[in-house]
Colleague: 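Let me begin by handing over the structure; questions about it come next.
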Amino acid sequence: MGSSEAPLLLPHTAGKEDAEVEVRAERCCWWRCGASEGRWAEATAEASRLASLAAPMIAVALLQLMMQLISTVMVGHLGEVPLAGAAIANSLTNVSGFSVLMGLACGLETICGQAYGAEQYHKLALFTYRSIIVLLIVSVPVAIIWVFIPDILPLIGQDPQIASEAGRYALWLIPGLLAFSVAQCLSKFLQTQSLIFPLVLSSLTTLTLFIPLCWFMIYKIGMGNAGAALAVSICDWVEVTVLVVYIMFSPSCEKTRAAPTWEAFRGISHFMRLAVPSALMICLEWWSYELLVLLSGILPNPALETSVLSICISTVVLVYNLPYGLGTAASVRVSNELGAGNPDGARLVVVVALSVIICLAVLVSVSLLLLRHFIGIAFSNEAEVVNYVTRMVPLLSISVLIDNLQGVLSGISRGCGWQHLGAYVNLGAFYLVGIPVALVLGFALHLGGAGFWIGMIAGGATQVTLLSVITAMTNWGKMVDKARDRVFEESLPTQAD
């Protein structure tokens with residue numbers, strides 16, 4: 001299939017076209033011939049490429065997680081009400097804003113990754129400007145919603161004092177909302193070119209500044225939990241500054257950087273066809289977990305159930321950094337190979353990425369089981385909470401296996417441009433299977449938080465099964481054609497012009 005496909009790049013000479021076909025055929029011949037040495041060499045090389053992308057992305061995710069953890073610890077020393085307000089505000093702002101913006105930006109993983117593989121370097125900046133415009137526009141209604149959080153929370157039964165604290169926290173996150181939107185787009189711009197170092201640099205710089213700034217805002221200025229939010233907003237702008245400086249002056253971005261033009265406004269609808277399904281794909285899953293935490297508050301002994309579910313989700317989020325990094329790497333590699341007109345290369349990425357994550361998932365899952373008596377102790381001193389968490393760890397281990405596969409399969413779907421299929425899969429998996437099963441087990445069968453988690457395992461298993469079937473049935477030759485159509489959808493001047 002690979003050698004018979006026409007190359008994606010617009011041919012300038014017959015000789016170049018023949019050379020590209022020859023290189024591609026040589027690169028993929030192992031797949032057809034079945035030579036074990038060739039298979040192993042190609043798989044090893046691909047595993048190395050994936051690791052070089054995944055490792056820095058995992059570091060970026062962990063650095064960002066450290067920021068959230070540190071702010072929670074600092075706010076926690078202010079008392080229960082400021083901590084509760086910050087926790088509720090974080091949950092609401094994630095659901096109503098950050099998850100949506102992150103999801104929209106993921107549309108760039110497809111279009112920029114495929115354009116880079118097709119060597120249409122000049123289009124990466126154009127697509128990125130379009131995404132920035134879209135995210136900035138979406139940020140406006142999001143900010144308006146955040147302004148009214150202290151008025152909304154009492155309407156749903158929240159304590160007025162906690163609602164006031166949550167409102168102050170959310171209000172001071174608004175100055176960083178625009179910066180967060182720009183940072184997401186710039187990160188995808190660099191990520192799809194395999195330029196991960198600036199992302200690590202910006203995250204490390206931001207964390208280094210955030211720690212003293214957060215402490216100063218909370219304790220020295222006396223802003224309380226709002227000081228932590230303001231520190232986050234300031235650091236979002238610092239992150240944008242670091243990324244912009246790198247893009248403007250680094251030789252690595254010489255081919256892809258370009259000044260903004262009015263052309264960015266013309267093809268917004270093309271970007272939205274990828275961005276909206278991307279946002280739905282991410283948000284539908286994210287919101288399902290937030291919904292269960294909310295529902296845990298009406299279970300018998302809600303304080304215990306909510307605490308345990310929060311600990312379980314925190315543990316899974318920490319472990320999820322591993323498949324997130326590998327899934328992001330798979331997204332970059334698949335999109336680049338499809339853009340380069342190499343279906344067999346994309347297929348190889350899928351095989352290697354799934355093989356690696358299965359091995360890692362088993363290792364992490366077994367490690368959790370061995371550490372089951374210590375996980376609860378890391379989060380709580382109360383014996384009841386620790387014992388409950390210990391009983392939940394076997395379920396967490398199963399969840400980790402599923403989440404690891406899901407993380408990589410979702411990355412593959414973004415690289416291919418299957419976001420619309422992913423959105424349908426997540427809608428069915430979590431809202432037709434996962435949440436109904438969780439509600440039946442949690443309330444009707446009185447299994448509490450364990451029943452909720454079994455429901456999410458059922459939803460995750462459904463999600464992984466459907467994504468696996470879609471991946472296995474993929475015609476990679478057609479994916480190459482779709483990538484070509486997507487990249488060359490608009491009549492834009494080439495660099496040679």
Side-chain angles (χ1 to χ4, degrees), residues 62-99 101 139-140 142-183 202-242 290 293-294 297 303 306-307 310-311 314 317 378-382:
L62 289 174
L63 287 171
Q64 293 173 348
L65 188 63
M66 282 292 294
M67 256 181 68
Q68 183 178 352
L69 177 63
I70 289 169
S71 65
T72 301
V73 170
M74 289 188 181
V75 171
H77 284 85
L78 296 174
E80 291 183 0
V81 172
L83 179 59
I88 291 174
N90 275 322
S91 179
L92 287 176
T93 54
N94 281 333
V95 167
S96 62
F98 293 130
S99 63
L101 296 172
S139 297
V140 175
V142 168
I144 293 173
I145 292 172
W146 290 5
V147 169
F148 290 100
I149 281 180
D151 300 317
I152 295 172
L153 287 177
L155 298 178
I156 58 176
Q158 190 58 251
D159 179 84
Q161 190 176 2
I162 294 178
S164 176
E165 289 288 335
R168 289 180 65 242
Y169 190 94
L171 189 66
W172 285 102
L173 284 178
I174 292 176
L177 190 60
L178 299 182
F180 179 85
S181 300
V182 176
S202 65
S203 297
L204 187 58
T205 302
T206 301
L207 179 63
T208 303
L209 173 65
F210 177 78
I211 296 173
L213 181 63
C214 187
W215 175 83
F216 182 76
M217 293 290 183
I218 292 174
Y219 299 114
K220 290 301 180 181
I221 295 184
M223 291 184 65
N225 67 3
L230 179 58
V232 170
S233 293
I234 293 172
C235 288
D236 283 339
W237 283 106
V238 171
E239 181 181 10
V240 169
T241 303
V242 173
E290 295 286 354
V293 173
L294 182 64
T306 303
S307 298
S310 298
I311 291 171
S314 298
V317 167
F379 291 91
S380 176
N381 294 323
E382 298 182 20

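The chain is numbered in sequence order, starting from 1.
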Colleague: Nearest 0.5 Å, what's the CG-CD1 distance between Leu78 and Ile218?
Modeller: 6.0 Å
Colleague: Atom CD in Gln64, atom CD in Glu239: separation rounded to 0.5 Å?
Modeller: 6.0 Å
Colleague: For Ser202 versus Thr206, what's the shortest heavy-atom pair and its separation?
Modeller: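 Residues Ser202 and Thr206, closest heavy atoms: O-OG1, 2.6 Å.
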Colleague: Ser99 side chain to Val95 main-chain N or O, any donor-acceptor pair under 3.5 Å?
Modeller: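 Indeed, once roles are kept as given, a pair shorter than 3.5 Å links the two residues.
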Colleague: Taking all non-hydrogen atoms of both residues, which atom of Lys220 and which atom of Trp215 are closest, and how far apart?
Modeller: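 Reported closest heavy-atom pair: CE-CH2, 3.2 Å.
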Colleague: From Thr205 OG1 over to Leu63 CG, what is the distance, rounded to the nearest 0.5 angstrom?
Modeller: 10.0 Å
Colleague: Please determine whether side chain to side chain contact (heavy atoms under 4.5 Å, CB included) holds for the pair Leu65 and Val317, giving the CA-CA distance in whole Å, both sets of side-chain angles, and the decisive distance to 0.1 Å.
Modeller: CA-CA 9 Å; Leu65 188 63; Val317 167; 4.2 Å; yes
Colleague: Minimum heavy-atom separation for Glu165 and Pro82, please, with both atom names.
Modeller: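 Taking every non-hydrogen atom into account, OE1-CA, 4.0 Å.
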Colleague: Out of curiosity, Leu92 CG to Leu153 CG, how far, rounded to the nearest 0.5 Å?
Modeller: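 With rounding to 0.5 Å, CG (Leu92) is 5.5 Å from CG (Leu153).
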Colleague: Just checking Tyr219: does its OH atom have more than 12 heavy atoms from other residues, nucleotides or ligands closer to it than 6.0 angstrom?
Modeller: yes
Colleague: Quick check for you: to the nearest 0.5 Å, what is the distance between Ile149 atom CD1 and Leu171 atom CG?
Modeller: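 One finds 9.5 Å between CD1 of Ile149 and CG of Leu171.
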Colleague: Would you find a donor on one side and an acceptor on the other, under 3.5 Å apart, between the side chain of Arg168 and the backbone of Gly85?
Modeller: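 Side chain of Arg168 to backbone of Gly85, a donor-acceptor pair under 3.5 Å: no, none is there.
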Colleague: Per the side-chain contact (heavy atoms from CB on, under 4.5 Å) rule, which among Val142, Asp236, Thr93 passes with Leu177?
Modeller: Val142
Colleague: Quick check against the 3.5 Å criterion: does Thr241 have a side-chain atom that pairs as donor or acceptor with the backbone of Trp237?
Modeller: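 Yes, because the side chain of Thr241 sits within donor-acceptor range (under 3.5 Å) of the backbone of Trp237.
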Colleague: Could you report the tightest heavy-atom contact between Ala143 and Ile174, atom names first, then the distance?
Modeller: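 Residues Ala143 and Ile174, closest heavy atoms: O-CD1, 3.6 Å.
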Colleague: Would you say Met74 and Ile211 make side-chain contact, with heavy atoms under 4.5 Å?
Modeller: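 A side-chain contact exists here, since the closest heavy-atom pair is under 4.5 Å.
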Colleague: Would you kindly say whether Asn94 and Glu290 are connected by a side-chain donor-acceptor distance under 3.5 Å?
Modeller: no
Colleague: Using a 4.5 Å cut-off on heavy atoms from C-beta on, say whether the side chain of Phe180 contacts that of Ser139.
Modeller: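 Of all side-chain heavy-atom pairs linking Phe180 with Ser139, none is under 4.5 Å.
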Colleague: Nearest 0.5 Å please: distance from the OG atom of Ser203 over to the CE atom of Met66.
Modeller: 12.5 Å
Colleague: Is there side-chain contact between Ile70 and Cys214, with heavy atoms separated by less than 4.5 Å?
Modeller: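 Side-chain contact under 4.5 Å: no.
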Colleague: On a heavy-atom basis, which atom in Ala170 and which in Trp146 lie closest, and how many Å separate them?
Modeller: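 Closest heavy-atom pair between Ala170 and Trp146: O-CE3, 3.9 Å.
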Colleague: Go through the steps for Tyr169 and Asn90 under the test side chain to side chain contact (heavy atoms under 4.5 Å, CB included), then give the verdict.
Modeller: CA-CA 8 Å; Tyr169 190 94; Asn90 275 322; 3.5 Å; yes
